[in-house]
Each structure stands twice: as C-alpha cells, then as structure tokens.
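Heads up: the structure comes next, in structure tokens.
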There are 2 protein chains.
Amino acid sequence: MTVSMYSVSIPVFIQHLNGLNTVLDKAASWAVARKVNEADLLNMRLSPDMFNLARQVRAATDHAANVAGRLSGKELLKFANDETTIAQLKDRIAKTIDYLKSIEQSEVDGTETKDISITFPSGQTRQFTGQSLLLGNSLPNFYFHTTTAYDIIRQCGVEIGKRDFMGAPPS
Amino acid sequence: MTVSMYSVSIPVFIQHLNGLNTVLDKAASWAVARKVNEADLLNMRLSPDMFNLARQVRAATDHAANVAGRLSGKELLKFANDETTIAQLKDRIAKTIDYLKSIEQSEVDGTETKDISITFPSGQTRQFTGQSLLLGNSLPNFYFHTTTAYDIIRQCGVEIGKRDFMGAPPS
C-alpha cells in the first residue's frame, strides 16, 4: 500500500475526530463536577479575536467533511451551526464521522489534479487542485482547529493529555 | 504527480516552519515594542502542565527533522536544546529547513513499509512503519506543536493571524 489522497485524509480525520470526541467527553464530566455552565465553557477562547470553543469544533468538522465531499463529489454535509451543548457538538462529530465513513477510497484516490473552485463566505473565489486543497488548506486547518479546541479545554483545567488528542484510528 | 511520502511531509514541514518563523518575527518585534523580556515570553505556556513556548518550537522542529531523517536514513539533526532567545529559535528553524531541503524526494518516497524502531527518552521502544510513523505520529505532533506555539503567542496579544500560521510553500 502506498500513501494516497484517501489514506492521508479520511482515516486521519476520523482518528482525530475520535480524539476530539474524547476530549469533549472529559470536558463534559469536568463541567458537571465543577458545576460549570456548558454554554460558558463553549464560549471560552484563547484570545478575544479568536473563535470560541464551539466554533473551533465546528471548523474542525467542516474542514474534514468539506474536503471529503469536494474530492469525492458527494453532496456536502450541512449543519445549522447552532450547537449550544457538548452533546450537540458530539452529535455533529458523530455525523461527520458517519459521512467520512460513507466515502469509498476509490472516490478520493486519484483526485490530486481535480479542479476545485471554492467561493468563500467573503465572496472571494479560489481555485484549487484536489492536492493543493487537501495538503495546503484542509489538513493544516483541520489540525489547527482540533489542536486549538484541545488547548482551550486544557487551559480551562480539564485533565486531558496528548493521548486524548491523538485519538484512535478507525477500525 | 500523485501524493507520496515526500509530498505529504517535507514541503508541508517547510511551509509551516516558514509560518512559525514569521510568527516568531512578529513576537520579537512586539517584545521590543512592549519592553518584554524574551526569556519571559519564551517561558509562557497555556497551562502549567504544558510545554512552554520554547519547547513547543523545539518539539515542532524535532518532529519534522526526526521523521525526515528516519525515513531517508540520513543522520538525525541534533540540537543542544538550550535556546533562550527568539533569534536562537529562528536559527534552529533555519537549520531544520536546510536539513529538510537537503533530503531528496527519492530518499523518502516508497518508505511506507520501512521498519522503524524508536526508543523514547522514557526507555520505551515502539515499532513503526514509515507510514504509521509519518501519518499517525509525526504529522499530528508537528501540527500540534506549531499550532500551540501560535496559540501561546496569539494569547500574549501579538498581532498574528491564520495567514501567518499557514506560511509559504517552499519555492
């Protein structure tokens, strides 16, 4: 087996979304024990001009699902982006993992040179190839937001460690 | 061109080490303007039980250089780990980028199934394949530490943005 567009993306996303799910489980237990309001926890951020925890989790799932959809040609996964509880964010992660698992390796492999045009919320349109989107945009952003979600929760004092971040590869 | 062990690692490491270098440049200018002691800045951390900024930068360079050396068979890059200034950390990043650039694509491609045994400082030894080391350990750790270095600096109030984190691909 050689590395491929599929092997460097879908199983990696699933592994670290599993990790994020564990991190959120520990945050939920911690919030109950400390009588912390979940909405307040989900609004924590490292800096006033950075996304809060809820948006870090949303961004992580979006980068994973959107590139999977754009490479495979599958209809993109849509969410209302109105989660206010950890259970709702865990549900979003579960739906994202289900979506990623529904994509076949053959639908993603060989998409290195696929032309992909993305219009961002700002109205700006950018042209990508499958490879430039995955390696130069989606993977770094996915890791950025999973790590920052972890960092916010860790800074709050929840007992999590690197092993939680690393997650478990899909079976 | 299909994705390969080289294309998903060496150029990615160089791109984000360039990003980390820019982030450190902005942190250095900010420290001068605010009369902040660089040693104090490098000792900032998100939580008392996480690495400080200097160690986040060291870990990022180590994960990149070590997997590049282990895949290619090139002698590993060694540092004294005694940096106390931003200039010294930038020098470490520059030496890591030079090392990564000295590795040929042909030395890394095709190493998916290469047996790699690593003995950690704890004394524990783990067996990897080239692919399991790169995708399951080195890349997530590299992104974890570059992101957390960025997060620490951003939380300090340095004006940096995602564009700085994203860096520039190698020319």
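A note on names: the letters A, B, ... follow the listed sequences, proteins ahead of strands, and every chain is numbered from 1. No hydrogens, no waters, no symmetry mates; every other heavy atom, side chains included, goes into these values. All of these numbers come straight from a predicted model, not from anything done at the bench.
Taking A/Thr2, A/Asn137, A/Ile152 one by one and counting their heavy-atom pairs under 4.5 Å with chain B, the maximum is reached by A/Thr2. Ranking A/Val12, A/Leu139, A/Thr148 against chain B, the residue ahead of the rest is A/Thr148, based on heavy-atom pairs under 4.5 Å. Chain B forms more heavy-atom pairs under 4.5 Å with one residue of A/Asp49, A/Leu134, A/Thr146 than with any other, namely A/Asp49. Most heavy-atom pairs under 4.5 Å with chain B, from the set A/Gly161, A/Pro140, A/Ser47: that is A/Pro140.
Annotation: side chain of B/Thr147 is not in contact with side chain of A/His145 (no heavy-atom distance under 4.5 Å). Side-chain contact check for B/Leu135 versus A/Gln15: every heavy-atom pair is 4.5 Å or farther apart. When side chains are defined from C-beta on, A/Met50 counts as touching B/Asp151, because their heavy atoms get closer than 4.5 Å.
Hydrophobic cluster membership differs between A/Phe51 and A/Leu17, with clusters built from Ile, Leu, Val, Met, Phe, Trp and Tyr side chains linked at under 4.5 angstrom. By the rule that hydrophobic residues join a cluster once side-chain heavy atoms approach within less than 4.5 Å of another member, B/Val32 and B/Met44 end up as members of separate clusters. Both A/Ile116 and B/Val8 are assigned to one and the same hydrophobic cluster, defined by single-linkage of ILVMFWY side chains at heavy-atom distances under 4.5 Å.
The number of heavy atoms from other shown groups lying within 6.0 Å of CD (A/Gln105) is above 12. Atom CD of B/Gln127 has more than 12 heavy atoms from other residues, nucleotides or ligands within 6.0 Å. Around the CZ atom of A/Arg55, the shell of radius 6.0 Å holds no more than 12 heavy atoms that belong to other residues, nucleotides or ligands.
Looking at A/Asp109, neither its backbone nor its side chain comes within 4.5 Å of chain B, counting heavy atoms on both sides. Neither the backbone nor the side chain of A/Thr111 comes within less than 4.5 Å of any heavy atom in chain B. With a 4.5 angstrom heavy-atom cutoff, A/Met166 touches chain B only via side-chain atoms. Using a 4.5 Å cut-off between heavy atoms, B/Gln131 contacts chain A through its side chain alone, with no backbone atom that close.
Smallest separation of non-hydrogen atoms from B/Asn141 and A/Lys162: OD1-NZ, 2.6 Å.
If you look at A/Phe165 and B/Phe144, their ring centroids are closer than 6.0 Å.
Of the possible polar contacts, one joining the B/Glu112 side chain to the A/Val3 backbone as a donor-acceptor pair under 3.5 Å is found.
Separating the CG atom in B/Leu46 from the CD1 atom in A/Ile153 is a distance of 13.0 Å, to the nearest 0.5 Å.
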